[in-house]
Structures are given as structure tokens and as C-alpha cells.
2 protein chains.
Amino acid sequence: MDAVFKALADESRRQLLDQLHKSNGQTLGELCAHLEMTRQAVTKHLLLLEAANLVVVVWRGREKLHYLNSVPIHELSERWIGKYERHRLQAMSDLKKGLEQNKTKKG
Amino acid sequence: MDAVFKALADESRRQLLDQLHKSNGQTLGELCAHLEMTRQAVTKHLLLLEAANLVVVVWRGREKLHYLNSVPIHELSERWIGKYERHRLQAMSDLKKGLEQNKTKKG
DNA sequence: TTGACATGCAACCATTAAGTTGCCTATTAT
DNA sequence: ATAATAGGCAACTTAATGGTTGCATGTCAA
């Protein structure tokens, strides 16, 4: 579990997860295109994400395809949120999103 | 949001959140009792948790009471988990917990 | 089969972060 | 008043982390 927290601590790695959330199964090359750093640096970040089981990898020939796995993130959130508290928080979050969407429609 | 991820990246700080999850509103001194480090080090950790809004503080005389705030953790988990995926993950988690509880009862 | 492409591995550097020691301030109780 | 208690602030040390460069490996296509 420590690996998950450490992996999420870096903004570049969070952006990689964002990338995969938008479009799953990207190669290393594709993921590099969105970050301002060398391919080697991105590789290191992806290795950490793999170690944390946040990213799962499939080889296709010489290409490495990356897939997001959100299970660890869900497990993480359960550590300090009780069952009933979760429902309350979810309801508040849904309400907030609803209001924001409404505001966007009007504006 | 970056502050939240950074704050959660350290095991000592996670233990502090665990402490508050067990018993909310503890003083600095009480929180120190559970960690193998100086009071000053614990203070630093708590300052980071406060900055991330994971811990809220109330002064009572010369004592500083610390309270857990789980809202940021819930928001965090929403970043990479879609609405329907969340339901699926929650169902799986509940099932898993149910099985574990059953096993414990039998054993 | 040879060149280009996709990725891996290792050494190195700079910055951040965790923890320490030492000293200061404010509140409580005798 | 003053001693004990609860906590804050700052400088310093050391280890971890993010990023770089350079070179090696394996796969595809002409």
C-alpha cells in the first residue's frame, strides 16, 4: 500500500494516470508526448506506477501498452472513510457537481 | 490538491490519520505517544496535514486538539474513478469484506 | 540484412524531505 | 511568583527522489 501513496505523490505520475484515464492502453512513446521530460524519466515514473499496481502493462511486439487500474485508489480511500460517512460524502459530492453543471448550463 | 497527495505519501503521517480515525480530537502530546520520533518531528507532520486540510485544529487553552477531515480523501478518489466504476468497485469491496468476515466467524 | 524505431539499464547530479538538536513562548497549577 | 506543562521556531544533517546523459537490447520494415 505504501507504494500506492508514494506513486501518487508526484504530479507527473498523476498526469500519466490522467492520460490513461482519458485514453487507456497507450504506449510509452505516446505517454511521453504529453510530458516535458526525457523518455527515461517517464519510464521511471511508469515503473513506480506498475510497482504500485496502478498501471498494468501488456507487450505488443516492441510496444508496451499501459492500462490504468483504479482498484488500489478505491482501497486507499476506504482507509479513513467509514461506510456511512462515505455515503454522506458521496451525496455531498453529487450535489456539488449537480450545482456546478447547472451553473454552466445557465452561464 | 498536490498538498493532499504529498501529505499522504509518508507512513508516519498516515499513522497520525489512523490515530485520529480511532480517536478524534487528540492533542499533540497524545499523538506523539504513538510515534517513535521527537515532538518537533510530529509537529512538522501535523503542519503538512493541516496545510492539506486533512487535519483541522482547535485550540483549548495551551492544548492543540486535532481532528480528521476525510473530505479531501474522498475528492482524491474521484479523480480516476468514474461514477459507474465506483459502484462496481464498492460492490466488489463489500463482497470481499463480507467473505472475510464470514471466514473469521468460522475460524 | 541492415537501418530505424521502441524500449531498457546504469551512473550521476541537484533538490527535496524527514528527522534531529537547541532554544523560545504561553498557559496552568502550586 | 514560579515551576511545570504544552507547544512553536530555526538551523543543520542525511537520505530519498526526480531528472539528466550515455549506451545497450530487441523488433519491424525495406
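Residue numbers start from 1 in every chain, and the chains themselves are labelled A, B, ... in the order their sequence lines are given, proteins ahead of strands.
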Atom pairs, protein N/O to nucleotides 27-29 of chain D N/O, distance under 3.5 Å:
| unit_1 | atom_1 | unit_2 | atom_2 | d |
| --- | --- | --- | --- | --- |
| D:dT27 | O2 | A:R62 | NH1 | 3.1 |

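- If you take CG of A:D10 and P of C:dT15, they are 17 Å apart, rounded to a whole angstrom.
- Nearest heavy atom pair, residue B:A52 against residue B:A7, reads CB-CB, 3.9 Å.
- Taking for each of A:S12 and B:T43 the nucleotide of DNA chain D with the nearest heavy atom, the 5'-most of the two is the partner of B:T43.
- Contact annotation: A:T38 side-chain N/O to D:dT20 OP1/OP2 distance is under 4.0 Å.
- Distance, A:L16 CG to D:dG19 P: 10 Å, rounded to whole Å.
- Residue B:E11 contributes atom CD, which lies 13 Å from atom P of C:dA18 at whole-angstrom precision.
- Distances shorter than 4.0 Å separate some side-chain N or O of B:H45 from OP1 or OP2 on C:dG19.
- Side-chain contact between A:L8 and A:L54 is present, with heavy atoms from C-beta onward closer than 4.5 Å.
- In this structure, the CZ atom of A:F5 is 15 Å from the P atom of D:dT17, given to the nearest Å.
- Criterion: ILVMFWY side-chain heavy atoms under 4.5 Å apart, direct or through other members. Under it, A:M1 and A:W80 are part of a common hydrophobic cluster.
- Under 4.0 Å is where a charged nitrogen must lie from a carboxylate oxygen, and between A:R14 and B:D2 at least one such pair does.
- Following rounding to the nearest Å, B:M37 (CE) and C:dA17 (P) show an atom-to-atom distance of 16 Å.
- What you find for A:G82 and B:H21 is that their closest heavy atoms are N-CE1, 4.5 Å.
- Of the candidate nucleotides C:dA6, D:dT20, C:dA18, C:dA6 has the atom lying nearest to any side-chain atom of A:E63.
- Map A:Q40 and B:E30 each onto its nearest nucleotide of DNA chain D; the residue landing nearer the 5' end is B:E30.
- When the side-chain nitrogen and oxygen atoms of A:K44 are compared with OP1 and OP2 of D:dT20, none of them lie within a distance under 4.0 Å.
- The separation between A:H66 atom NE2 and C:dA6 atom P is 14 Å, rounded to whole Å.
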Give the intermediate values and the outcome of side-chain hydrogen bond (donor to acceptor under 3.5 Å, both in side chains) for residues B:E11 and B:Q15. CA-CA 6 Å; B:E11 174 60 25; B:Q15 286 180 18; 3.1 Å; yes

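- As rounded to whole Å, 9 Å separates atom C1' of C:dA17 from atom CG of B:L48.
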